[in-house]
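First up is the structure itself, then whatever we jot down about it.
Order of appearance sets the numbers: ligands from 1, and atoms from 1 within every ligand.
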Amino acid sequence: MSHSHQAQIDAFMAQVTAQNPHEPEFIQAVQEVAETVIPFIANHPQYAEHRILERMVEPERTIIFRVPWTNDQGEVQINRGYRVEFNSAIGPYKGGLRFHPTVTLSILKFLGFEQVFKNSLTTLPLGGGKGGSDFNPKGKSDTEVMRFCQSFMTELSRHIGPNTDVPAGDIGVGGREIGYLFGQYKRLRNEFTGVLTGKGRNWGGSLIRPEATGYGAVYFAAEMLRTKGQNFDGKSVVVSGSGNVAQYAVEKCIQMGAKVLTMSDSKGYIHDANGIDATKLAWIMDLKNNKRGRIESYVQQYPGASFHAGERPWGVACDAAFPCATQNELNGDEAAKLIANGCQVVTEGANMPSTPEAIEAFQEARILFTPGKASNAGGVATSGLEMSQNSLRISWSREEVDERLLNIMKDIHAQCVTYGTDESGYVDYVRGANIAGFVKVADAMIDQGVV
Ligand code: NDP
Ligand code: 2IT
């Protein structure tokens, strides 16, 4: 990179850092975009003239609110709720809700900022937003989760709508929570609309939405492998997480003939050298989704496997890795281990799971690496398809939605190749995703004036 580009990036980041103190995750997400987009803007002065990037780092609106509720003992509890409405240049704000004790404004701003670029890549008319709460659903009864969701929606309902802002799930928000949130919105507004996605199949949900993020990540990885004349058949795969994204990434890897060696949760990882097959995965899905249990129990059910408390799976030798748990879960040292063990492809299912040092290591080693904003976009893309079906008041078959998802993932891959290929032919998927995502939103912002 030239000195003048670096100086521009440094000046821009100094400003962003000064304006957003105590927001390390947000600054990390902006830095990654700035490093690739600022050199591009240098050759496209219209974006500098209209101060597009400066406007894009400022959310259009941030809502922070009190969420009071009572637990099963009748005691009053207080959590903090958020919705960051980041950018609506190309469509209504769209993005998930996260319920996890680590949720802060910084976390939601990083996720909302990423979402703007991701949603732009999907080819669908979706703006970007994110929300959530520091509420911890773990260990709470269904009735406690319901009362929390009802209180959260009582305030959120003033700010969202099917043409304004359409939330969905993320960490800690799955089908159960979306159901309680939808029920309360409908009751308050007396309106049955597609105001949330990830709904149940009988009340406006789309087939394939539960599978979409994990399936989409594997479709994207398969596209990357195809550029090398390879596929997943016989490849060994390491996955982190055991929630929604991880489960369906594993399912699709198995369907494509790969051998999945690991899954994890926040307490550690399980390693099954014989491979997690479809039967074992069904057992894990029941454990996590119905019994809300811990991944550790896997080794009682399948004694051939081992559990590694407090550790992450990146030391296990593999051909392909899918980080599918959370942000900053794969650091530079772990990236070096993956590379040394022969890993050829790293596909982010989670949002920002690789630290900047890890990304640098993958790119220096010239392995196939894709950022979440490209490879996990299948989830929100299928949310977009759910919105279309709701508007049309019809529902498409499983095959139809799956095919649209596959084509969207191929399209995102092609956009990354267009903007990310360097002189040597190496595809920098980070640069490709950031620039392709940026251009569509930036052009729309110019068209719409200074708003
Ligand atoms: P879930 O709540 O279904 O699962 C989260 C998984 O990650 C669990 O196994 C959880 O373990 C683990 N995890 C969460 N926090 C941590 C942590 N701090 N350290 C270690 N492990 C952790 O969430 P999803 O599967 O929906 O989301 C996973 C990732 O994918 C997130 O980054 C999310 O933003 C991203 N994503 C999700 C999409 C979706 O459609 N759901 C779409 C695109 C991206 P434990 O049970 O112990 O907490
Ligand atoms: O990070 C994400 O893209 C999501 N959690 C899914 C958002 C959505 O609106 O489906």
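- Comparing Ala246, Gly241, Ala325, Ala381 against atom 28 (C) of ligand 1, the shortest heavy-atom distance belongs to Ala325.
- Ligand 1 has at least one atom lying under 4.0 Å from a heavy atom of Gly349.
- Within the structure, ligand 1 has Arg209 among the residues with a heavy atom less than 4.0 angstrom away.
- Summary of contacts: the protein heavy atom closest to atom 10 (O) of ligand 2 is Ser383 OG, 2.6 Å.
- Atom numbering of ligand 1 starts at 1 in the shown order; those under 4.0 Å from a heavy atom of Ser264 are 9 (O).
- Distance from atom 4 (C) of ligand 2 to its nearest protein heavy atom, with residue and atom name: Lys130 NZ, 3.7 Å.
- At a 4.0 Å heavy-atom cut-off, ligand 2 does not touch Thr382 at all.
- Closer than 4.0 Å to atom 42 (C) of ligand 1 lies at least one heavy atom of the protein.
- An N or O contact shorter than 3.5 Å links Arg98 to ligand 1 by distance.
- The protein non-hydrogen atom at the shortest distance from atom 6 (C) of ligand 1 is Gly243 N, 4.0 Å.
- When only interatomic distances are considered, the shortest N/O to N/O separation between Gly172 and ligand 1 falls below 3.5 Å.
- Under the 30°/60° scheme for interplanar angles, the aromatic rings of Phe117 and Phe438 are found to lie parallel.
- Salt-bridge check for Glu403 with Arg398: failed, with every basic side-chain N at 4.0 Å or more from each acidic carboxylate O.
- Checked against a 3.5 angstrom limit, the closest N/O atoms of Gly169 and ligand 2 fall inside it.
- Residue-ligand proximity: His100 is placed with a non-hydrogen atom under 4.0 Å from ligand 1.
- In this structure, Gln247 does not count as a contact residue of ligand 1, since none of its heavy atoms falls inside 4.0 Å of the ligand.
- Contact analysis leaves Met263 out of contact with ligand 1, as no non-hydrogen atom separation drops below 4.0 angstrom.
- Regarding atom 6 (C) of ligand 2, its nearest protein heavy-atom neighbour is Arg209 NH2, 3.6 Å.
- A cation-pi arrangement is absent between Lys186 and Phe192 under the rule of less than 6.0 angstrom and at most 45 degrees off the ring axis.
- Among the atoms of Lys138, some N or O lies under 3.5 angstrom from an N or O of ligand 1.
- In this structure, Lys267 does not pair ionically with Glu296, as no charged nitrogen and carboxylate oxygen lie closer than 4.0 Å.
- Ligand 1 does not have Met352 within reach: every non-hydrogen atom of the residue lies 4.0 Å or more from it.
- Under a 3.5 Å cut-off, the side chain of Arg292 and the backbone N or O of Lys138 do not form any donor-acceptor pair.
- At the shortest separation from atom 27 (O) of ligand 1 among protein heavy atoms lies Ile171 CG1, 3.7 Å.
- At the shortest separation from atom 24 (P) of ligand 1 among protein heavy atoms lies Val245 CG2, 3.9 Å.
- Tyr298 does not carry Lys280 over the face of its six-membered ring by the limits of under 6.0 Å from the centre and within 45° of the normal.
- Heavy atoms of Gln327 found under 4.0 angstrom from ligand 1: none, in either backbone or side chain.
- Here Glu114 pairs with Lys373 in a salt bridge; the nearest charged N to carboxylate O distance falls below 4.0 Å.
- Note: Phe152 and Phe99 meet the aromatic proximity criterion, with ring centroids under 6.0 Å apart.
- At the top of the distance list for atom 33 (C) of ligand 1, counting protein heavy atoms only, stands Asp170 OD1, 3.2 Å.
- Within the cation-pi definition used here (under 6.0 Å to the ring centroid, within 45° of the axis), Lys140 qualifies as a partner of Phe135.
- Taking a cutoff of 4.0 Å between a charged side-chain nitrogen and a carboxylate oxygen, Lys288 and Asp265 qualify as a salt bridge.
- Closest to atom 7 (C) of ligand 2, if we only count protein heavy atoms, is Gly96 N, 3.5 Å.
- Checked by distance only, ligand 1 and Ser242 come closer than 3.5 Å through their nitrogen or oxygen atoms.
- Taking a cut-off of under 4.0 Å to the non-hydrogen atoms of Cys324, the atoms of ligand 1 that pass are 28 (C), 29 (C).
- Counting heavy atoms closer than 4.0 Å to ligand 2, residue Glu114 contributes nothing at all.
- Checked options Phe220, Phe322, Phe362; the residue passing with Phe369 is Phe362 (criterion: ring-ring contact (aromatic ring centres under 6.0 Å, His included)).
- In terms of N/O distances under 3.5 Å, ligand 1 is approached by Asn244.
- A salt bridge does not link Glu329 with Arg312: every distance from a Lys NZ or Arg NE/NH1/NH2 to an Asp or Glu carboxylate oxygen is 4.0 Å or more.
- Comparing Asp170, Val166, Leu126 against atom 5 (N) of ligand 2, the shortest heavy-atom distance belongs to Asp170.
- Using a cutoff of 4.0 Å between basic side-chain nitrogens and carboxylate oxygens, Lys130 and Asp170 are scored as salt-bridged.
- In terms of polar-atom proximity, defined here as any N/O pair under 3.5 Å, Lys267 makes no such contact with ligand 1.
- At the shortest separation from atom 20 (C) of ligand 1 among protein heavy atoms lies Ser266 CA, 3.5 Å.
- Closest protein heavy atom to atom 2 (C) of ligand 2: Lys118 NZ, 3.2 Å.
- Counting protein heavy atoms only, atom 9 (O) of ligand 2 is closest to Lys94 NZ, 2.6 Å.
- Taking atom 16 (C) of ligand 1 as the reference point, the nearest protein heavy-atom neighbour is Thr326 CG2, 3.6 Å.
- Of the protein's heavy atoms, Thr213 OG1, 3.4 Å lies nearest to atom 39 (C) of ligand 1.
- Considering backbone and side-chain N/O of Asn376, none are found under 3.5 Å from N/O of ligand 2.
- Inclusion of Lys118 in the set of residues having an N or O under 3.5 Å from an N or O of ligand 1 is not warranted.
- Salt-bridge check for Asp319 with Lys235: failed, with every basic side-chain N at 4.0 Å or more from each acidic carboxylate O.
- Residue Gly198 places every heavy atom at 4.0 Å or more from ligand 1.
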